[in-house]
S.K.: 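So that we are looking at the same thing, I have put the structure below in structure tokens.
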Amino acid sequence: MPNRSKVPTPPAAAPGPGREAAGDARQEWLGVLARARNADLQMLWRDLPDKPSWTRLRGPESGLIMLRGRLGGDGRPFNLGEMSVTRCSVRLGCGRVGHGYVGRQDAWQAEVAAVLDGLLQEAASHQAAVAGIIGPLRRIEQDRRERASRQAAATRAEFFTVARGEA
Amino acid sequence: MYVPVKGGEQAIDNAARLLAESRRGDPAVPELTLAQIEGQLAHAVDRVMAEGSLYDRKLAALAIKQARGDLVEAIFLLRAYRTTLLRFGASEPLDTRRMAIRRRISATFKDLPGGQVLGASFDYTHRLLDFSLAETGGPCPAAAKASQALPSDMPSIADILEREGLIEREPAESGGAVADLTREPLRFPAARPVRLQALARADEGFLLGLGYSTQRGYGNNHPFAGEIRHGMVTVEFVPEELGFAVALGEVELTECQMVNQFKGSAAQPPHFTRGYGVAFGHAERKAMAMALVDRSLRAAELGEEVTAPAQDPEFVLYHGDNVEASGFVQHLKLPHYVDFQAELVTVRDLRREFNERAAGRREAAE
């Protein structure tokens, strides 16, 4: 979908009590949930008190998205190859609709991400879900990135060109 | 003409069971897990994902296990599986400029901003067999960590040369539909986006040979490895029900920017042109070979003489897919009994005529 506005719009089927979640924040938590490792989310989910009831609206279902690259890295788009994706939509007991996406085949994580998306949109449960799930996942991800980047940085070389014929 | 055969059900069943037992190998040896393949045969997983044209490490590991390590067979399995899945849409174009870098080197500028980051590479090893790996359970030295992470901004080699106007610019976004080889058959002339899609899923060995041929003079294009980068790139997707871009995860990519001389033309001053390669996973040989072949396939558009196989889009794009190539070569194993009977009859007839003519000539000579 080229030229789609990135300005967040509320989900079509999401009336229900509580305030509408701010778009940027929602974009961020959906990203954190999608990137999380299954084992990390399992552990945090297990420890989350007051889990809601929910019904499945769609999925969880696995499918594909076509990944697009750009010519030369910065030119016109082209189709690079596909990627596994699992998505799920749920309605919480309170009526709030949540959507979950994860970039691999993982029905459990897509469904739990959808439930958490619903909880995070609800004023009553937002803080607990941030404190119990999103905050810790963000820290785990940050640590992982930092570690990989510092390991790469340790391999940064200084090359010197050696003039030929010099001692 | 192909005439089908029937029968052999029991033999085929037993062959499948024999394959299963052979795949398992010695039962006294622990069975391979997908996590082991994914974690310890990472380059095999990368190759199967790239040429299977499906980024999914676990499925690629499963395909490798099922195919007993035959990577082209594993690629076939992955391609077949993807046809059973629904496509939800297309991602936003990946932004490799914002890659979380694990390795990034340039052979053209030693002091490029962000530095030369060697990463985990075979390049600086001595290629001597390491017999310590023959034993399992030994200690693994921890990787060193710098005190600081890498800068988040690592400009590409093209950005650097663009500042002086010395390298071609990629044309701005056309905004039109993006051609897709999985939906439409290959047609010629094939535009560069189609060529790159085909090259991205093409056989690494085929591209390597073609790329090498350009270096040896079959369509020489004077390349420099301007930049090779490897790392993690965020995938963004706009789900219909949300209407805004959501990060779905990260993919590991390797990107190669080849920088090539261009003499210029009446309309254009001399400058550098670009060849581009990108592959799933850590796959430098593939990305570099792809960049060489991408550039050589641009010969006609840049007004260069087309003389070599690597410059011929039909030759390259029709023969680079190892699922198609393997299928057509291996179909020769299928029973061709009736075909061959017909050939036998023909050859016997021809021989009889040949012998009769030879006998006639002998009689005439006597």
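Residue numbering restarts at 1 for every chain, and letters A, B, ... go by the order of the sequence lines.
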S.K.: Which region of Ser121(B), side chain (C-beta onward) or backbone (N, CA, C, O), has a non-hydrogen atom less than 4.5 Å from a non-hydrogen atom of chain A, or is it both or neither?
M.R.: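 Contact with chain A involves no heavy atom of Ser121(B) at all.
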
S.K.: If I measure from the heavy atoms of chain A, does Lys110(B) come under 4.5 Å with its side chain, its backbone, both, or neither?
M.R.: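 Just the side chain, heavy atoms under 4.5 Å.
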
S.K.: Output the distance between atom CZ (Phe237(B)) and atom CG (Leu67(A)), rounded to the nearest 0.5 Å.
M.R.: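 Reported to 0.5 Å precision, the distance equals 10.5 Å.
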
S.K.: Below 4.5 Å from any heavy atom of chain A, which atoms of Gln148(B) appear? Answer side chain, backbone, both or neither.
M.R.: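 For Gln148(B), the backbone is the part near chain A, not the side chain.
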
S.K.: Measuring from Leu248(B):CG to Arg104(A):CZ, what's the distance to the nearest 0.5 Å?
M.R.: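 These two atoms lie 11.5 Å from each other.
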
S.K.: Show the nearest heavy-atom pair for residues Arg102(B) and Ala148(A), with the distance to one decimal.
M.R.: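 Nearest heavy atoms, Arg102(B) then Ala148(A): NE-CB, 4.4 Å.
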
S.K.: Taking NZ, NE, NH1 and NH2 as the nitrogens, is one of them in Glu82(A) or Arg82(B) under 4.0 Å from a carboxylate oxygen of the other?
M.R.: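 Yes.
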
S.K.: Just wondering, do Val278(B) and Phe78(A) contact through their side chains at under 4.5 Å, heavy atoms?
M.R.: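 Of all side-chain heavy-atom pairs linking Val278(B) with Phe78(A), at least one is under 4.5 Å.
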
S.K.: Return the OG to CG distance between Ser62(A) and Leu86(B), rounded to the nearest 0.5 Å.
M.R.: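 Result: 10.5 Å between the selected atoms.
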
S.K.: Below 4.0 angstrom, N of the basic side chain to O of the carboxylate: do Glu92(B) and Arg68(A) qualify?
M.R.: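 Salt bridge absent between Glu92(B) and Arg68(A).
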
S.K.: In terms of heavy-atom proximity below 4.5 Å to chain A, should Arg201(B) be classed as side chain, backbone, both, or neither?
M.R.: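 When you check distances to chain A, no heavy atom of Arg201(B) falls under 4.5 Å.
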
S.K.: Might you point out which heavy atoms bring Gly69(A) and Pro93(B) nearest each other, and give the distance in Å?
M.R.: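 Nearest heavy atoms, Gly69(A) then Pro93(B): O-CB, 4.3 Å.
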
S.K.: Does any backbone or side-chain atom of Val235(B) lie under 4.5 Å from a heavy atom of chain A? Answer side chain, backbone, both or neither.
M.R.: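 Just its side chain gets close to chain A.
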
S.K.: Please classify the contact of Gln105(A) with chain B as side chain, backbone, both or neither, using a heavy-atom distance under 4.5 Å.
M.R.: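 Gln105(A) touches chain B through backbone and side-chain heavy atoms alike.
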
S.K.: Looking only at heavy atoms and a cut-off of under 4.5 Å, which of Gly31(A), Ala113(A), Ala157(A) has the most pairs with chain B?
M.R.: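 Among Gly31(A), Ala113(A), Ala157(A), the one with the most close pairs to chain B is Ala157(A).
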
S.K.: Does any backbone or side-chain atom of Val233(B) lie under 4.5 Å from a heavy atom of chain A? Answer side chain, backbone, both or neither.
M.R.: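 For Val233(B), there is no contact with chain A at all, as no heavy atom is under 4.5 Å.
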
S.K.: Using non-hydrogen atoms only, which part of Val85(A) is less than 4.5 Å away from chain B: side chain, backbone, both, or neither?
M.R.: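 Both backbone and side chain of Val85(A) come within 4.5 Å of chain B.
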
S.K.: For Arg97(B), is there an ion pair with Asp74(A) - N to carboxylate O distance below 4.0 angstrom?
M.R.: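 A salt bridge is present here (some side-chain N lies under 4.0 Å from a carboxylate O).
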
S.K.: Got a second to check how far Gln27(A)'s CD is from Glu236(B)'s CD, nearest 0.5 Å?
M.R.: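 If we round to the nearest 0.5 Å, Gln27(A):CD and Glu236(B):CD are 7.0 Å apart.
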
S.K.: Side chain from CB out, backbone as N, CA, C, O: work out which of these in Ile101(B) comes under 4.5 Å of a heavy atom of chain A, or both, or neither.
M.R.: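 For Ile101(B), the backbone is the part near chain A, not the side chain.
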
S.K.: Can you tell me how far apart CG (Leu181(B)) and CG (Asn79(A)) are? Round to the nearest 0.5 Å.
M.R.: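 Rounded to the nearest 0.5 Å, the CG-CG separation comes to 8.5 Å.
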
S.K.: Is it the side chain or the backbone of Ala279(B) that comes within 4.5 Å of chain A heavy atoms, both, or neither?
M.R.: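 Answer is neither: Ala279(B) stays 4.5 Å or more from chain A.
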
S.K.: Does NZ or CZ of Arg87(A) lie under 6.0 Å from the centre of the six-membered ring of Phe88(B), at an angle within 45° of the ring axis?
M.R.: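 Checked: cation-pi criterion met.
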
S.K.: Which bit of Tyr81(B) is near chain A, if near means a heavy-atom gap under 4.5 Å: side chain, backbone, both or neither?
M.R.: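 Contact with chain A: side chain only.
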
S.K.: Check each atom of Ala200(B) against the heavy atoms of chain A and say whether the ones under 4.5 Å are side chain, backbone, both or neither.
M.R.: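 Interface part for Ala200(B): side chain.
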
S.K.: Chain A heavy atoms under 4.5 Å from Glu227(B): which part of the residue, side chain, backbone, both or neither?
M.R.: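 Nothing of Glu227(B), per the 4.5 Å heavy-atom cut-off to chain A.
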
S.K.: Which bit of Ile105(B) comes within less than 4.5 Å of chain A, counting heavy atoms only: side chain, backbone, both or neither?
M.R.: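 Looking at Ile105(B), nothing touches chain A.
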
S.K.: What do the steps show when you test Glu250(B) against Arg144(A) for salt bridge (charged side-chain N to carboxylate O under 4.0 Å, His left out), and what is the final call?
M.R.: CA-CA 13 Å; Glu250(B) 289 180 311; Arg144(A) 196 167 65 219; 5.2 Å; no

S.K.: Contact between Leu80(A) and Tyr55(B) at the side-chain level, heavy atoms closer than 4.5 Å - yes or no?
M.R.: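 Side chain of Leu80(A) against side chain of Tyr55(B), heavy atoms only: no contact under 4.5 Å found.
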
S.K.: Decide yes or no for Tyr101(A) and Pro239(B): does some side-chain heavy atom of the first lie under 4.5 Å from some side-chain heavy atom of the second?
M.R.: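 Yes. Closest side-chain heavy atoms under 4.5 Å.
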
